> 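Can you keep this structure in mind? I'll have questions shortly.
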Amino acid sequence: MIPVNEPLLGRQESEYLLECMRTGWISSAGRFIDEFEQKWASYCGRKYGIAVSNGTAALQVAADCLGLEPGDEVILPSFTIISCALAVINRGCVPVLVDSDPQTWCMDVTQIEQKITPRTRAIMPVHIYGHPVDMDPLLCTARKHGLAIIEDAAEVHGAEYLSGRNTSDPTWRRCGSFGTLSCFSFYANKLITTGEGGMVLTDDEALAEKARSDRNLAFQSRRRFYHEDLGFNFRLTNLQAALGLAQLERIDQIVAQKRWMGSEYTQRLRDIRGLQLPTEEIWARNVYWMYGVVLSEDTHMDALQFASRLRELGVETRPFFLGMHEQPVFHKRGLFLNERYPTAERLARQGLYLPSGLALTPEQLSRVCEAVKEVLA
Ligand SMILES: Cc1ncc(COP(=O)(O)O)c(C=O)c1O
């Protein structure tokens, strides 16, 4: 079976891990934490990085830092992981959904404006499967209405967006550089992985301070067991940061490998009828975190049937997200009842992603493409 993801860990990771063991810095202090935070922030063009225990925690910290109050509304895509909605709901706030763009599968930024009400406090753009959200119009709307941005860049390490494409001075900016607070996950299937892990980035010193306090039980530096705030234990360990730092040192190679995989899949699959492939808009550099494909309805097959046929041929896949508005857990709470997001629904029904890990070999990639062709022949 060709696995949907297999991480690629190297010698440097082992050396750094051994250093943690030799020196005894195995918990949430140590040189790798500081270096990983600084270097990741700087790679993404930000001032401050606060490492946390996972991407879900990063989103929660971001929502907490903004001081969102019960009843406040946050606009986010339906087509995403539940972590995004949880960060909003856990604060008693209201997630307000928009549909996805049919090409990029990211939130359709043209739908944001009509969802803004006097209670809207923030927008949460989520870059999907390696492709950036169209950030310029989103930033413009946020500025116009004074809204904060919680950017979810969990799936786009190293991806870039061409900012100001209609101006005389367009510039490529890394995803993770746009949010009031920007969040990452370093789960094992991400481009950079710490096993479990996450990070919050910001340029605002006060928000950084709050995020640091939040992740560490709101301990104070002046008097340790004295608390003025409620916090979380969302600490990352030096062991985990050691893994992340080792990979960050070769991130250009990792991004190049993913882009190679993306273009190779696209070249081999582009002539197959009934299969929509990932796009790369002219204003985007996709890192193909996961190589997704969407079956058209006229194949008379849905993603579940497609996945089981591929499995018979030794290819493991994963279904796309099921939109937030289709989740029973939210219906039970009276949320999103009777809301429809046709693109998110089609993606959930017809989309899956193919093996996309860094350890995927050219031979395996060829076998995956042959299997896809065989099933759709
Ligand atoms: C877009 C997005 N946000 C948040 C998360 C949550 O990250 P974690 O699994 O590290 O909690 C993920 C996880 O894959 C994700 O894809």
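Just so we're clear, the structure is a prediction, and the values are computed from it rather than from any experiment. Side chains included, hydrogens not; waters and symmetry mates left out as well; all remaining heavy atoms used.
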> Take His131 and Thr279, measure what side chain to side chain contact (heavy atoms under 4.5 Å, CB included) needs, and give me the verdict at the end.
CA-CA 8 Å; His131 194 289; Thr279 186; 4.0 Å; yes

> Check the surroundings of atom CG in Leu230: do more than 12 heavy atoms from other residues, nucleotides or ligands lie under 6.0 Å from it?
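No, because the 6.0 Å sphere around CG of Leu230 holds 12 heavy atoms or fewer from other groups.
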
> When you look at CG of Leu18, are more than 12 heavy atoms from neighbouring residues, nucleotides or ligands closer to it than 6.0 Å?
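Yes.
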
> For His227 together with Phe219, are the ring centres under 6.0 Å from each other?
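Ring centres of His227 and Phe219 closer than 6.0 Å.
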
> Do Ser366 and Arg268 have side chains that get closer than 4.5 Å, going by heavy atoms?
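Touching, per the 4.5 Å side-chain cut-off.
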
> Main chain of Val98, side chain of Gln111: is a donor-acceptor contact present, judged purely on distance under 3.5 Å?
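The answer is no, because no donor-acceptor pair under 3.5 Å joins these two groups.
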
> Passes side chain to side chain donor-acceptor pair (under 3.5 Å), Ser163 versus Asp136? Steps please.
CA-CA 6 Å; Ser163 203; Asp136 277 352; 3.2 Å; yes

> So Asp108 and Thr110, side chain to side chain donor-acceptor pair (under 3.5 Å) or not? Walk me through it.
CA-CA 5 Å; Asp108 179 349; Thr110 64; 2.6 Å; yes

> Does the ring center of His127 lie less than 6.0 Å from the ring center of Tyr161?
no

> Trp25 and Phe32: aromatic ring centres closer than 6.0 Å?
no

> List for me each residue that meets side-chain hydrogen bond (donor to acceptor under 3.5 Å, both in side chains) alongside Gln257, sequence neighbours excluded, and say none if there are none.
none

> I need the minimum non-hydrogen distance between Val109 and Pro137, along with the two atoms involved.
CG2-CG, 3.9 Å

> Measure the shortest side-chain to side-chain distance between Asn286 and Pro278 over non-hydrogen atoms and say whether it is less than 4.5 angstrom.
yes

> Salt-bridged, Lys115 to Glu73, with N to O below 4.0 Å?
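Salt bridge: no.
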
> Shortest non-hydrogen contact from Pro328 to Glu326?
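The pair with the smallest heavy-atom distance is CD-O, 3.5 Å.
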
> With the 4.5 Å side-chain cut-off for hydrophobic clustering, are Leu358 and Met261 part of the same group?
no

> Under a 4.5 Å cut-off applied to non-hydrogen side-chain atoms, are Met290 and Asn189 in contact?
yes

> I'd like to know if Tyr187 and Leu236 are part of one continuous hydrophobic network [Ile/Leu/Val/Met/Phe/Trp/Tyr, side-chain heavy atoms within less than 4.5 Å].
no

> For the rings on Tyr129 and Tyr288, is their centre-to-centre separation under 6.0 Å?
no

> Quick one, Val255 with Leu191, criterion side chain to side chain contact (heavy atoms under 4.5 Å, CB included). Give me CA distance, side-chain angles, the key distance, then yes/no.
CA-CA 8 Å; Val255 169; Leu191 275 78; 4.1 Å; yes

> Verify the cluster assignment for Val294 and Val4: are they in a single hydrophobic cluster under the rule of side-chain heavy atoms below 4.5 Å apart?
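In one cluster with Val294: Val4, yes.
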
> Can you give me the closest heavy-atom contact between Leu269 and Leu354, atom names plus distance?
CD1-CD1, 3.9 Å

> Can we call the ring centroids of Tyr265 and Trp260 under 6.0 Å apart?
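No; Trp260 has its ring centre 6.0 Å or more from that of Tyr265.
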
> Please examine the side chains of Gln305 and His300, heavy atoms only from C-beta on, and report whether any two atoms are closer than 4.5 Å.
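His300 does not reach Gln305 side chain to side chain.
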
> Within this structure, what is the CZ-OG distance for the pair Phe234 and Ser28, rounded to the nearest 0.5 Å?
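Reported to 0.5 Å precision, the distance equals 14.0 Å.
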
> So, Lys258 side chain and Ser356 main chain: donor-acceptor pair closer than 3.5 Å or not?
yes

> If I compare all heavy atoms of Arg215 with all of Ala51, which pair ends up nearest, and what's the gap?
NH1-O, 2.7 Å

> Quick one, Phe186 with Trp40, criterion ring pair (Phe, Tyr, Trp, His ring centres under 6.0 Å). Give me CA distance, side-chain angles, the key distance, then yes/no.
CA-CA 12 Å; Phe186 301 116; Trp40 187 252; 5.4 Å; yes

> Charged N to carboxylate O below 4.0 Å: is that the case for Glu209 and Arg212?
yes

> Which residue, Asp64, Asn216, Leu217, forms the side-chain contact (heavy atoms from CB on, under 4.5 Å) with Phe232?
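For Phe232, the side-chain contact (heavy atoms from CB on, under 4.5 Å) check succeeds only for Asp64.
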
> For Leu275 and Leu295, run side chain to side chain contact (heavy atoms under 4.5 Å, CB included): C-alpha distance rounded to whole Å, both residues' side-chain angles, the deciding distance at 0.1 Å, then the answer.
CA-CA 5 Å; Leu275 200 62; Leu295 290 174; 3.7 Å; yes

> Taking it one step at a time, do Glu281 and Thr104 satisfy side chain to side chain contact (heavy atoms under 4.5 Å, CB included)?
CA-CA 8 Å; Glu281 298 293 327; Thr104 65; 3.7 Å; yes

> Flag yes if Leu139 and Ile75 sit in one hydrophobic cluster, no otherwise; membership is Ile, Leu, Val, Met, Phe, Trp, Tyr, and two members link when side-chain heavy atoms are under 4.5 Å apart.
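Yes, same cluster.
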
> Could you tell me if the ring centre of His157 sits under 6.0 Å from that of Phe184?
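Distance test on ring centres: under 6.0 Å, yes.
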
> Using 0.5 Å steps for rounding, measure from the CD1 atom of Ile33 to the CD atom of Gln38.
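Nearest 0.5 Å value for the CD1-CD distance: 11.5 Å.
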
> Please check if Phe306 and Ile272 belong to a single hydrophobic cluster, counting links between Ile, Leu, Val, Met, Phe, Trp and Tyr side chain heavy atoms closer than 4.5 Å.
yes

> Decide if atom CD of Glu113 counts as having more than 12 heavy atoms of other residues, nucleotides or ligands within a radius under 6.0 Å.
yes

> Could you give all pairs that pass the salt bridge (Lys or Arg N to Asp or Glu O under 4.0 Å) test and reach residues 337-353, with sequence neighbours left out?
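Checked against salt bridge (Lys or Arg N to Asp or Glu O under 4.0 Å) - neighbours excluded - the pairs reaching residues 337-353 are Glu297-Arg349, Arg340-Glu345.
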
> Aromatic contact between Phe36 and Tyr16, with the criterion being ring centroids under 6.0 Å apart: yes or no?
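Ring centres of Tyr16 and Phe36 not closer than 6.0 Å.
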
> Does the separation of the ring centres of Tyr291 and Tyr353 fall below 6.0 angstrom?
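Here the rings of Tyr353 and Tyr291 have centres that are no less than 6.0 Å from each other.
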
> Checking Ser296 against Gln350 for the side chain to side chain donor-acceptor pair (under 3.5 Å) test, could you report, in this order, the C-alpha distance in whole Å, the side-chain angles of both residues, the deciding distance, and whether it holds?
CA-CA 7 Å; Ser296 67; Gln350 299 297 109; over 6 Å; no

> Report yes if some heavy atom in the side chain of Gln247 is under 4.5 Å from a heavy atom in the side chain of Ile254; otherwise report no.
yes

> Do Arg318 and Glu316 meet the salt-bridge criterion of a basic N to acidic O distance under 4.0 Å?
yes

> Measure across Ile128 and Cys106 and return the closest heavy-atom pair with its distance rounded to 0.1 Å.
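Heavy atoms of Ile128 and Cys106 come nearest at N-SG, 3.4 Å.
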
> Looking just at side-chain N and O atoms, do Ser182 and Glu151 make a donor-acceptor pair shorter than 3.5 Å?
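A donor-acceptor contact under 3.5 Å links the two side chains.
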
> Does the pair Arg259/Glu280 count as a salt bridge with the N-to-O cut at 4.0 Å?
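Salt bridge present between Arg259 and Glu280.
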
> Take Glu196 and Gln240 through the test side chain to side chain donor-acceptor pair (under 3.5 Å) and record every step on the way to the result.
CA-CA 8 Å; Glu196 295 280 355; Gln240 292 167 306; over 6 Å; no

> Which heavy atom of Met199 sits nearest to which heavy atom of Ile50, and what is that distance?
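Scanning both residues completely, I find the closest heavy atoms to be CG-O, 3.2 Å.
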
